[in-house]
*Asks:* 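Please see the structure below; I have some questions.
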Amino acid sequence: MSESFQFQLKKTDGGARLGEVSMPRGTIRTPAFMPVGTVGTVKAMYLDQVRETGADIILGNTYHLMLRPTAERVARLGGLHELIRWQHPILTDSGGFQVMSLSGLRKLDEKGVTFKSHVDGSTHHMSPERSIEIQGLLGSDIQMQLDECVALPATPKEIERAMEMSLRWAERCKVAFGNQPGKAMFGIVQGGVVPELRVRSAQALSGMDLKGYAVGGLAVGEPQEVMLRMLEITLPELPTEKPRYLMGVGTPDDILKSVARGIDMFDCVMPTRSGRHGLAFTRRGKVNIRNARHAEDMRPLDDQSNCPASRDYSRAYLHHLVRANEALGGMLLSWHNLAYYQELMQGIRQAIAEGRFADFMAETQENWARGDL
Ligand SMILES: O=c1[nH]cnc2c(CCNCC3CCCCC3)c3[nH]c(NCc4cccs4)nc3cc12
């Protein structure tokens, strides 16, 4: 196991990249899908199940953990890895994005974000330095800079202001992070859907020589083709020898098309959140298990899968559990969806390794279009 943080670009196939991030706690095979942990758990899942699906890394939820049980308490309890018993890499977000989407009264200025906790209404101030301190207390392996993801629609002036402040915050986070061997701090490219702002943000962050780069400010309601166009504009400005992380993305189709343009890492609540609501992602497209057509269908979701949730339970049973709002329904569908996402990532990595990613992408999309049997 390497004592440092290293990214190795192993192969490219068109714009798609096969790589590995090596860290003291383990290796991340890229392109990688990172399941979202919330308050230290991937909702409705045991972490050894998450590991079994093929996850090399999970996300820790800074916003929730800083409010409850607090970063200081997590540190006193030995850090997040000890607390949740996950001994592989953990990436934590800065907490800023969720402040903007979850908390009440909030103010954002050069110093940072001031907000009221949705848990108990207490007031919190999070500066770039405090965000890095919190992520350090959690024991995070990959820490994200504090940034401002401006809510769309926004004027170019507003987008420019937020992008430039995010760059200043990136510098402050880099200083606060200092030199932590085996760990990394990633910058986040902003700039909305304005090409020249995207280029300026990516070029400025590249100049900071960070360990990895996230593309932020996307998957916030813009059409898929606009998101993809922004990747085509942004990624050429980022160093090829560093990992690229597209934040909050996405559906299986988003992932295929973003891998084709050079993205290495993804996170999304989609597989777990939609699983809890009865939506299954399968190799033959989406299946809404609540639909009456499954009520007496004895087949499993996917008898080819090595995941028990996909292989051993009938659709009729899953339909019943979800209709009855039984917790086991959401658990089994979350498990199935995470397994499907990891199977998709494994297929992508294999296809790039064999130089047939374009064919894999076309076949996969055709199977989705064919729809469920
Ligand atoms: O610019 C950004 N800066 C920082 N974070 C962003 C995120 C959150 C990524 N997931 C964090 C996880 C950390 C652990 C807990 C769960 C989230 C985004 N998510 C989306 N789209 C999906 C979206 C989800 C909700 C609204 S849009 N676009 C995003 C853009 C940014």
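We count ligands from 1, going down the list as the structure has it; atoms in each ligand are counted the same way. One is the number of the first residue; the rest follow in order along the sequence.
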*Asks:* Check each atom of ligand 1 against the heavy atoms of Val36 and keep those under 4.0 Å away; list them by number with element.
*Replies:*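 Heavy-atom distances to Val36 below 4.0 Å select 14 (C), 15 (C), 16 (C).
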*Asks:* If I apply the N/O under 3.5 Å rule, does Gly217 come out as touching ligand 1?
*Replies:*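 Yes, since at least one N or O of Gly217 sits under 3.5 Å from an N or O of ligand 1.
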*Asks:* Check contact between His64 and ligand 1, using heavy atoms of the residue and a distance below 4.0 angstrom.
*Replies:*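 The answer is no: ligand 1 sits nowhere under 4.0 Å from a heavy atom of His64.
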*Asks:* Is any N or O atom of Gly216, backbone or side chain, closer than 3.5 Å to an N or O atom of ligand 1?
*Replies:*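 Among all N and O atoms of Gly216, none is under 3.5 Å from an N or O of ligand 1.
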*Asks:* Within ligand 1, which atoms have a heavy atom of Ala219 less than 4.0 Å away?
*Replies:*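 Listed by number with element, the hits are 20 (C), 21 (N), 22 (C), 27 (S), 28 (N).
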*Asks:* Salt-bridged, Asp141 to Arg25, with N to O below 4.0 Å?
*Replies:*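 A salt bridge links Asp141 with Arg25.
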*Asks:* Picking from Arg284, Arg315, Arg283, what satisfies salt bridge (Lys or Arg N to Asp or Glu O under 4.0 Å) with Asp372?
*Replies:*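 Passing option: Arg315.
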*Asks:* How about Phe33 and Tyr340: are their ring centroids closer than 6.0 Å?
*Replies:*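 No - the distance between ring centres of Phe33 and Tyr340 does not fall below the 6.0 Å cut-off.
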*Asks:* Can you confirm, on distance only, whether ligand 1 has an N/O atom lying under 3.5 Å from any N/O atom belonging to Asn61?
*Replies:*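 N/O-N/O distance under 3.5 Å: no.
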*Asks:* Return a yes/no value for Asp147: is any of its N or O atoms, backbone included, closer than 3.5 angstrom to an N or O of ligand 1?
*Replies:*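 So ligand 1 has an N or O lying under 3.5 Å from an N or O of Asp147.
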*Asks:* Counting each atom of ligand 1 from 1 as listed, which ones have a heavy atom of Leu59 under 4.0 Å away?
*Replies:*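 Atoms satisfying the 4.0 Å criterion: 12 (C), 13 (C).
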*Asks:* Go through ligand 1 atom by atom and flag the ones less than 4.0 Å from a non-hydrogen atom of Asp93.
*Replies:*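 In order of number, 13 (C).
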*Asks:* By number and element, which atoms of ligand 1 are closer than 4.0 Å to a non-hydrogen atom of Cys149?
*Replies:*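 Checking each atom against Cys149, I get 1 (O), 2 (C).
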*Asks:* Assess the pair His118 and His64: is the distance between their ring centroids shorter than 6.0 Å?
*Replies:*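 Yes, close enough.
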*Asks:* Purely on distance, is any nitrogen or oxygen of Asp267 under 3.5 Å from one on ligand 1?
*Replies:*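 Between Asp267 and ligand 1 (N or O atoms, distance only) the closest approach is under 3.5 Å.
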*Asks:* Do Leu218 and ligand 1 have an N or O pair less than 3.5 Å apart?
*Replies:*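 Yes - when backbone and side-chain N and O of Leu218 are compared with those of ligand 1, one distance drops under 3.5 Å.
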*Asks:* Testing Tyr213, Phe7, Tyr245 for side-chain contact (heavy atoms from CB on, under 4.5 Å) with Asp264, which one passes?
*Replies:*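 The passing option is Phe7.
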*Asks:* Please check: side-chain N/O of Arg276 versus main-chain N/O of Gly329, any donor-acceptor pairing under 3.5 Å?
*Replies:*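 A pair under 3.5 Å: no.
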*Asks:* Distance only, no hydrogens: is a donor on one side chain within 3.5 Å (strictly under) of an acceptor on the other, for Asn367 and Thr364?
*Replies:*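 No, no side-chain donor-acceptor pair sits under 3.5 Å.
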*Asks:* Where do Arg290 and His319 land on the side chain to side chain donor-acceptor pair (under 3.5 Å) test, with the steps shown first?
*Replies:* CA-CA 5 Å; Arg290 296 184 66 90; His319 171 82; over 6 Å; no
